[in-house]
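Let me begin by presenting the structure, written as structure tokens, before commenting on it.
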Amino acid sequence: MTDPVAKLPSELDQLPDRDPEETAEWAASLDAVTKAAGPHRAAYLMRRSLQHAEGAGIALPKLLESDYVNTIPTSAEPEFDGDLEMESKITAWNRWNAAAMVTRGARYGVGGHIATFASAAWLYETGFNHFFRGKEGDGSGDQLYIQGHASPGIYARAFLDGRLSEQQLDNFRQESGGNGLPSYPHPRRLPWLWEFPTVSMGLGPLSAIYQARFNRYLTNRNIKDTSNSHVWAFLGDGEMDEPESTAALALAAREQLDNLTFVINCNLQRLDGPVRANFRVVQELEGAFRGAGWNVIKTLWGNAWDELFQLDTTGALIRRLREVPDAQFQTYATRDVAYIREHFFGSEPALAELAKLLSDAKIAECFYSSRGGHEARKVYAAYRAAVEHKGAPTVILAQTVKGYTLGKGFESKNANHQMKKLSIDEFKGMRELLGLPIPDSAFEDGLVPYGHPGADSPEVRYLQERRAALGGPAPARRVHTVALPQPEERAFKALYKGSGKQEMATTMAFVRLVKDLMRDKETGRRWVPIVPDEARTFGMESLFPSAGIYSPLGQTYEPVDRDQLMYYKEAKDGQILNEGITEAGAMADFIAAASSYATHGETMIPFYIFYSMFGWQRTGDQMWQLADQLGKGFIVGATAGRTTLTGEGLQHADGHSHLIASTNPASLNYDPAFAYEIAVIVKDGLRRMYGPDAEDVFYYLTVYNEPKQQPAMPEGVEEGIVKGLYRFKEGTPAEADAPRLQLIGSGTAIHWALEAQELLAADWGVTADVWSATSWGELRRDALESDEALLRGEERVPYVTQALSGAPGPVLAVSDWMRAVPDQISQWVEQDWSSLGTDGFGLSDTREGARRHFGVDARSVAVAALAQLARRGEIPASKVKEAREKYGM
């Protein structure tokens, strides 16, 4: 028979034991305690020993989970720095108006969420009254990532503060008239209030981490001292299931971001029911954050529980709280006291005895409402501990009741996330609970009224005095844009000249341009190069020794390639953000840098370069976040196209990112073919994003890893490059009446079109003009604007129509993208239109093999051109068959 307590293998077996006899004595003592006082007492002594060792500076692995109690006991709470009665009145008004706003909006069917703010009200109010720094004080203030579903409470506070009117509250989720409020935090829709869009859950926590890191980056690079800025991210426990929510926890701990606090509202409910029905989400989150190296503060129980814990002399209550799953605890909050006595306290004799000492009122108070997140003093204590903690970020796990104060019809109900309104009777009950002076006569029109104590009331004066002391209103977005001077022309001229006989990929051309721009005396230091561990793939290793890779620790080791010219140099003031293998993290970096002009009043020029397949496809949601946050910068999809990346195959073959990018109104999308086009586009982008009339847009450029001779820039093509189309090479007719057509190519496909132009002329006597389409998306955008102008009675011809006007013959477009990309402009082309593209899945092959597979190589283009002419009757159909045979198709 196997010994049930047989020794299991352990890493300790590899360590020398200098005194086995002493070790055995310790083990025997533990066995004796277990036998005499039980395993719970033994576990308690072990944990006390670990706590003592930690306090004595003895290095030991930390436990990942603590008991289901508050981290800060009531006796250790600091003095509350405020008027609790006054803050309770303010919170009551905000609770009321948040619920009233959503309920009034239900008349129009626009919906809204009530229960989230009801549970988190004190988490926000305590911060606004005591901790959140505004932008009118020193520095940049704090950055607040507000939980999206709590937006009604923030609007309610802005109403109390005089920043919003009743009319605006009544236009919640009704924005089309121009005086409404967006449903969630959307800076593009309400740019004076919201800084960060957060309702695409998971992106808020990820972005908050990289924002805190970018704050340090600005300080370490001596661009701006952000040491007084603190990042606060308010999250839901259900939101933490999003992979992005926990993706960067280790980064925050590794870089010791003690300027960051997560506040997780643990109301134990997600959108449809319990977050962890059969488990305990608080304990799970504690383990995850402790394991990642965060400081964890649990604020679970209100003061009413203190009496219960003092009566728990056996530890039975603590054990019971540790074993009850979340869904069962939610059930206790909705059942009568008799049920709680039977099912919670009746689980073991010691608890049953404890329950005899408690009144029904005490049990009801504890299980129905007394949570740490509902008591200002406990929230204050947690926040104070968080901002004073040094060396690691902090997470506060605050337990609340979802729907708190909204009545028994809401509190802890599985469906309360979808419940959009309260009845008049429920509002009257809420009024009594909150103690608000709202008379019955205010309900006579059948609508719940908004409540306000008056602009000069003690509550409003207190609120405004608190905010003034903390640096002004919050949340708030302030833009102090300072136009950047245009860089010196020298950097652009290098690409205008072309590469001569030397071959150069457009990826390398872009990197070379940025490297030169980073040397600019005025703006060079404001460039923020971002790459997710593929810098060498994109030829960026030349930036390592000159710009340096950002590391808050500097370089604590001697790099293996130190004796090489382009060695791996890390520096505390490094300019490059090399993020490792995380496109999501790199994109979060980009967003922080792209909106720094508003967040910190410091304009930065980020460029983020990545495998194009792993951009819009993988992190497209963050591209929308960037647009919503009014970010600016250059996003560069390198190794673009479906056929340029030889051998990599399907998962690396991007033939569709331009189609996805075209869906984003803030994204200006370009597919340049030549180095000089890149120079013109970047120069114009710097003007549009950072000039005197700066626009809230960003640029998406696709560049290719296919080395080609780069031609010099022809005269007079700049306008066409920026607008999206110009004729690059006119065909020379062999005969006056030779058939003629127009070939349009973008990106690397221009080379197939040029080769096809030669084949058509030499083999078939057909003349083709070759056009470079630098941006299918900008051509379409201009055409759509022209259509809108016509609806207003304005005559306007789309640029693409003007450019091709009178061009003889049909038009054939070809690109390394699926056909839907060039087909975006077909309806505004007056000539017969057809296109070639790389529709379907990618595959591993040579460039030539892949292009023949998709039918976009030069010979395929030539055959398609002949087929188009044959359909028009301009050449015999037999010529098409002959061409197929000649070219081995």
Side-chain angles (χ1 to χ4, degrees), residues 67-70 73-74 88 95 115 118-119 121-122 266-269 273-283 298-375 377-378 398-416 419 422-423 425-426 428-435:
D67 282 320
Y68 205 62
V69 296
N70 294 345
T74 301
S88 296
R95 287 182 183 277
S119 67
W122 275 113
C266 298
N267 57 34
L268 313 185
Q269 288 182 244
V275 179
R276 289 292 180 272
N278 295 297
F279 303 93
R280 289 153 300 284
V281 68
V282 168
Q283 301 300 85
K298 292 199 293 192
T299 302
L300 307 180
W301 310 113
N303 285 332
W305 283 83
D306 288 350
E307 180 183 346
L308 276 68
F309 291 131
Q310 292 168 2
L311 294 172
D312 180 31
T313 58
T314 65
L317 177 61
I318 299 295
R319 293 194 297 273
R320 182 62 175 148
L321 290 173
R322 195 164 55 226
E323 69 188 20
V324 174
D326 286 350
Q328 184 61 44
F329 208 87
Q330 294 296 82
T331 299
Y332 294 143
T334 62
R335 303 298 291 270
D336 58 27
V337 171
Y339 180 91
I340 299 171
R341 286 187 183 277
E342 178 183 354
H343 292 87
F344 181 85
F345 291 102
S347 61
E348 64 173 281
L351 275 179
E353 290 300 314
L354 187 153
K356 292 178 182 178
L357 304 175
L358 303 173
S359 66
D360 285 357
K362 171 60 69 174
I363 292 176
E365 181 184 10
C366 288
F367 283 81
Y368 297 163
S369 62
S370 184
R371 303 290 188 275
H374 295 324
E375 297 190 9
R377 291 183 183 277
K378 296 197 177 295
Q399 187 160 277
T400 65
V401 174
K402 191 168 185 177
Y404 184 60
T405 74
L406 298 181
K408 289 299 181 182
F410 264 81
E411 293 177 353
S412 298
K413 300 294 186 183
N414 281 341
N416 61 17
M419 297 164 68
L422 280 72
S423 68
D425 287 342
E426 287 173 322
K428 290 180 177 179
M430 183 180 178
R431 173 193 62 186
E432 301 307 317
L433 178 65
L434 298 176

Point to revise | Residues R95, L406; criterion side-chain contact (heavy atoms from CB on, under 4.5 Å); working and verdict | key: CA-CA 9 Å; R95 287 182 183 277; L406 298 181; over 6 Å; no
Check your understanding: Which residue, Q399, E323, R320, forms the side-chain contact (heavy atoms from CB on, under 4.5 Å) with Y68?
Key -> Q399
Revision key, fill the gap. Partner of D312 under side-chain contact (heavy atoms from CB on, under 4.5 Å), picked from L321, I318, L351, is I318
Point to revise | Under 3.5 Å donor-acceptor, Q330 side chain and Q269 backbone | key: no
Point to revise | Exam field: side chain R371 to backbone C366, donor-acceptor pair closer than 3.5 Å | key: yes
Study note, to complete from the structure: Rounded to the nearest 0.5 Å, the OG1 atom of T400 sits from the CG atom of L268 at a distance of 7.5 Å
Exercise for review: To the nearest 0.5 Å, tell me how far D67 CG sits from R319 CZ.
Suggested key: 10.5 Å
Review point. When the ring centroid of W301 is compared with that of F329, is the distance short of 6.0 Å?
Key: yes
Point to revise | Step-by-step side-chain contact (heavy atoms from CB on, under 4.5 Å) determination, W305 to V69 | key: CA-CA 10 Å; W305 283 83; V69 296; over 6 Å; no
Point to revise | Worked check of side-chain contact (heavy atoms from CB on, under 4.5 Å) between E375 and T299 | key: CA-CA 10 Å; E375 297 190 9; T299 302; over 6 Å; no
Review point. Given S423 and K428, is the side chain to side chain donor-acceptor pair (under 3.5 Å) satisfied, shown in steps?
Key: CA-CA 9 Å; S423 68; K428 290 180 177 179; over 6 Å; no
**Study point:** Close side-chain approach of F344 to I363, heavy-atom, < 4.5 Å
**Key:** no
Review point. Taking C-beta and beyond as the side chain, do E307 and L357 meet within less than 4.5 Å on heavy atoms?
Key: no
Review point. Are Y404 and Y368 close enough, and set up right, to give a side-chain contact (heavy atoms from CB on, under 4.5 Å), and what steps lead you there?
Key: CA-CA 9 Å; Y404 184 60; Y368 297 163; over 6 Å; no
Check your understanding: Under 3.5 Å, is there a donor-acceptor pair linking the side chains of K378 and T74?
Key -> yes
**Study point:** Flag if over 12 foreign heavy atoms under 6.0 Å of CZ, F279
**Key:** no
Check your understanding: For the residue pair N70 and L300, what are the closest heavy atoms and their distance?
Key -> OD1-N, 2.6 Å
